[in-house]
Amino acid sequence: MKKQFTFLLILFICSVAYGQNNDSLMLRKIYDYYLTNSRCYSNLKELCSTIGGRLSGSPQAEQAVIWAKKAMYAAGADTVILQPCMVPHWVRGGKEVCQMITKHKTTSLACCALGSSVGTGKAGVTAQVVEVKSFEELEKLGEENIKGKIVFYNVFFDQRKIRPGNAYGEAVKYRAKGASYAAKYDAVAIVVRSMSSVADNEPHTGNMSYDTLISTKRIPALALSYEAADKLSKAITTNPGCSIFIKTGCEILPPVLSYNVVGQLTGSEKPNDFLSAGGHLDSWDNGEGAHDDGAGVVQTMELIALFKHLGIKPRHSIRAVSFMNEENGLAGGQAYADFALKNKENHLTALEADAGGYSPRYINADTLNGLYKLIASWKDLFSPYLIEKIQMNGGGADLTALEKIGVPCIGYEPDTQRYFDIHHTAADTFDKINKRELELGAASVGALFYLLDRYYY
Ligand SMILES: [Zn+2]
């Protein structure tokens, strides 16, 4: 009896080891495919060079939808679904102006309007500037010191944070809500230090919103480059009465019908069980949206091509999702979750790749339904391929609505040390993409989805 048990135990251990060995051989094959055959890089080049920046509601975003539909079919999707969503249509207008006016001279400062901001009107706005470093400071100054002035939020990234996303997360509230808080005290406009840790002259745009619970007034909002913010702060110290002139031509037009583009490989065993991975197709208008988030779009799109290349019919339905409107509204993420509910689709998990096309670092997964535990058990399979940690709590902005309906989500996270240098700037262009890093990131997503299809439910 004891002998029989020992024999069975050895057989079990051998079969587990054999399975892992098989998986590790398959991962090698998957990474080989991405590093030698995949189309991520050429697809991204095409998206960036033929369409470029593609803010929701723009003609370029419309072109990107057509482009993605074609690229999904080219990757081998058996079905491509266009999911409609109404998106905001904000336009920047002409080139923004910000001039610093002191007793002796007028100096131009590099700036850009924040997304969703109202414009200044043709005459522009001139007013004295009040610098603050926090909302608490603003509150202390109160209406008597703020009324009729322009508030300058001079908030730096906390350089001690190892993951720059955490510094961004702390500082971004001044970009997002700064205008409403300043309007509460009757300010006429705001300028914010760009969300960046690099001391250059590139202004970073990004979305803001007017919060009617804070103030019903809508005042113009601009970002200054890191260097411009330094100059302004210095000028305020030496000339306390210093003013600035700002002029923007932004307009908020009626919402526009747009689409998520969903490429699908229908599952052979469980066609109504979905494993989906996506990035966002829209981008800011000032650059080419290469890292943010053309990279995530082409990386996840390549999933379809991978299964085709390996000759594997997935058990579950595999989806690559190019979400619309991540940058200024999240209408696409909501439309995706609504579509899933309406069609009674069972989403086992969804991944988002939206932190740049850099070298792989982490897979972050929600714990619900054993997802994190299962992925964490593959740690050794991934370690030769630069995934150094599998961490709890995944997701991404486009997946917020799916998470709300109980779908455990995954966030693919590359090395983000250089991401916020170019994030939301004119410098987010294809030449900043490293082919191997992009492919390694895509391969991480591909390998993960191969394993999920095999072992997850
Ligand atoms: Zn993004």
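We count ligands from 1, going down the list as the structure has it; atoms in each ligand are counted the same way. Bear in mind that the values here come from a model prediction, so they are computed numbers and not experimental data.
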Show the atom names and distances, to 0.1 Å, of all donor-acceptor pairs under 3.5 Å that link a side chain in residues 44-52 to residues at least two apart or in another chain.
from, atom 1, to, atom 2, distance (Å)
Glu46, OE2, Trp67, NE1, 2.6
Ser49, OG, Lys45, O, 2.7
Thr50, OG1, Glu46, O, 2.6

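For His347 and Tyr336, the distance between ring centers is under 6.0 angstrom. Taking the six-membered ring for Trp and the full ring otherwise, the centers of Tyr358 and His291 sit less than 6.0 Å from each other.
Inspection of the environment of the Zn ion (ligand 1) yields the following protein N, O or S atoms under 2.8 Å: His280 NE2, Asp292 OD1, Asp354 OD1, Asp354 OD2.
Results of the side-chain contact (heavy atoms from CB on, under 4.5 Å) test with Tyr168 over Lys161, Met195, Arg163 single out Met195 as the only residue that passes.
Salt-bridge annotation for Glu345 and Arg319: present, with a side-chain N of the basic residue lying under 4.0 Å from a carboxylate O of the acidic one.
Side-chain contact check for Asn166 and Glu170: no donor-acceptor pair (N or O, by modelled atom type) lies under 3.5 Å.
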